[in-house]
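Please find one structure pasted underneath; my questions will follow.
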Amino acid sequence: MNKTLNRRDFIKIMNATTTGVAIVASGITLTTFASVNEIPVTNKKRWGLLIDTNKLTETDIDGMVNACQQEQGWGTETHSTASQKPGWIKKLKVKDKATNKVSNLALMCQHCEEPPCVDVCPTNASMKREDGIVLVDKHLCIGCRYCMMACPYDARSFVHETLNNQKEHMPRGKGTVEACTMCVHKIDKGETPACVESVNSEAVIFGNLYDESSQINQTLKIIQSSQIRSDLNLNTGVRYSGI
Amino acid sequence: MSNIRFEQIEGKSLGFYTLITGLWILILAALGSVYYVEHYGHFVTGMNNRIVWGIPHVFALFLIIAASGALNVASISSVFNKKLYKSLSRLSGLVALSLLAGGLMVLVLDLGRIDRLIVAMTEYNFKSIFAWNIILYNGFFVVVAIYLWMMFERRMDKFSHKVGLVAFSWRLILTTGTGSIFGFLVARQAYDAVIMAPMFIIMSFSFGLASFILILMASYKWTNRPLGNIIVNRLRNLLGVFVAAVMYFVAVYHLGNLYLAENAGIENFILFDGGIYTKLFWYGQIILGGIVPMVLIYHPFTKGDRSMLGLSSVLIIIGGFVQLYVIIIGGQAYPMELFPGKEILEGYGDIAQYLVSLPEIFLGIGGIALAIIIVTFLVKFLAFLPESLEDDLTDSYHKG
Ligand code: SF4
Ligand code: SF4
């Protein structure tokens, strides 16, 4: 059932829809944006992030949030109230009740291996790519918001108003749901997610969790790290250390 | 059966046309609201990124739940072969279908992308309980429609027992499905409990019967048809049992939750310090929607009074709305436990705010209006209602 479309096809579909040509691709799920010339999407890879809260400063987090907004174009909504505006990445301050240790961290879609948002989505609009990145297909999303009810990380946002000046790689749409894409459009070109790029230290590491030679894999082998709500067994792609 | 005569209502009086006109206005107001929200965007609603299901969902789920419960009267008659209820079966099926239509209207018109309804109908993720529900709802229409046909066609009457059984099972599965929408949300302390499914079933019995009783009494009163005490008393007793059962399930649900330390937060929130939600729970759901109707139903002073039965039914319906409000909105307002053992100082963790907006309320009321208008029209054009439900007529069934 999962057919792979390449990036060019994807953009073509986008354009086609805007010119009013309806494409009903029933049974086809946009599982990938990557084209053959670029890095192929396979389940041999699992993209992930490691966030070291001991190294991550508050300024770093603000920078990450900004970089994400710039890259993806969210947050400029003019009519939505603060609680209605999308937030793909949040700055959180967490205090340990026993030790009073305060950690700052960035919280985005955790790109769960067993994503509840994908399970509950009635139309298959929420989907997980072979390489573990969880996305929303904007053409299939009917805006039922069940995925938002199901996500344990409050990671998804609903677009409450008409948008303009959107980024070409991120066709957002009123009445649909969106979340961090791990900058899939950059990853597929071999680049790094915008939030990771914005941090100058080693506080955020991006890479292929499965690749033994990758920095993220090696670091995860030697340090203590955790998944948020690990009790839910979702096996998240985003890991944290220092909390 | 042969001496029960089903007959259409006249539907020519001033009252009838006033009712229809009033309902149309409400439906148009709902459609106007939908247009308004669509045109401007959902920022005009009270919904936000924390409270993603607002008051329209409360209305929609109430109607859907009540729909399956309204079919009970027919089920009792054909599944358990209670002849007394047979005279009410047709109306029971009709009320069930109408309530479901109203509920689905609200649910569908509340989507972010109404224009993509076709996607919802053609793309199914079979892992999604929501997708199952779409199938269950559509199936309910078909099953109940066939059931009604069996009841209307004398030749088919012999099948009505079997079809009734199918309809009965279907409605149980349907409400289980509706309850499971919440029961499987592992991330949320307020939900994620297997008991949600049976609790929704028993809620459906109660809300559905209350709606049915009101429609029955109104249609007999407004058309000057005799409605005897035997049948009314039967329904009253049944209603009392259902209300008690709902209260029992609510008690078990909360006690069970209190027992689990991880749910202490949400329980405290709903039961003690949740502000508006706590007030709604105790005053709206428990006292107004549970205890008062029980007293009215069972107290010797009010027991025999039909208007008191009507009042109990209205209170049960209001209490039902409040209950769903507390479950749906309260459950979302309370933050998810992101870091057990830790306190979130900034960024998340506050109680989410929700301010009901007028368009959302209009949409919800439009769903109720649609349900009532369907009943009103169909009883005019098809023989749903027995001409009389007088005691000596029903008595023979009672004994028979
Ligand atoms: S964090 Fe939420 S949105 Fe992201 S994959 Fe997990 S459940 Fe889905
Ligand atoms: S809002 Fe969209 S992505 Fe989320 S569950 Fe509904 S259809 Fe799927």
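The sequence lines fix the lettering, A, B, ..., with proteins before strands; numbering per chain opens at 1.
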Quick check on B:Leu117 against chain A: is it the side chain, the backbone, both or neither that has a heavy atom closer than 4.5 Å? neither
Counting only non-hydrogen atoms closer than 4.5 Å, does B:Phe126 touch chain A with its backbone (N, CA, C, O), its side chain (CB onward), both, or neither? neither
Which bit of A:Leu163 is near chain B, if near means a heavy-atom gap under 4.5 Å: side chain, backbone, both or neither? neither
For B:Ala120 and A:Thr123 the tightest heavy-atom approach is CA-CG2, 3.9 Å
Heavy-atom cut-off 4.5 Å, strictly under: side chain, backbone, both or neither for A:Lys101 against chain B? neither
Checking heavy atoms, do the side chain of B:Gln353, its backbone, both or neither come under 4.5 Å from chain A? neither
Heavy-atom pair of closest approach, residues B:Tyr124 and A:Asn124: O-ND2, 3.3 Å
Is there side-chain contact between A:Arg145 and B:Met47, with heavy atoms separated by less than 4.5 Å? yes
What's the shortest heavy-atom distance between A:Val118 and B:Asn125, and which atoms? O-ND2, 3.0 Å
Side chain from CB out, backbone as N, CA, C, O: work out which of these in B:Asp115 comes under 4.5 Å of a heavy atom of chain A, or both, or neither. neither
Name the region of B:Gln189, side chain, backbone, both or neither, that has any atom closer than 4.5 Å to a heavy atom of chain A. side chain
What part of A:Ser80 lies closer than 4.5 angstrom to a heavy atom of chain B: side chain, backbone, both or neither? both
Taking all heavy atoms of B:Pro340 and all of A:Arg229, pick out the closest pair and write down the distance. CD-CD, 4.0 Å
Taking all atoms of both residues into account, what is the closest heavy-atom pair of B:Asn48 and A:His160, and its distance? CA-NE2, 3.6 Å
4.5 Å side-chain heavy-atom contact, A:Leu107 and B:Leu338: yes
What are the two closest heavy atoms between A:Tyr146 and B:Ile181, and how far apart are they? OH-O, 2.8 Å
Contact part of A:Leu234 toward chain B, heavy-atom cut-off under 4.5 Å: side chain, backbone, both or neither? neither
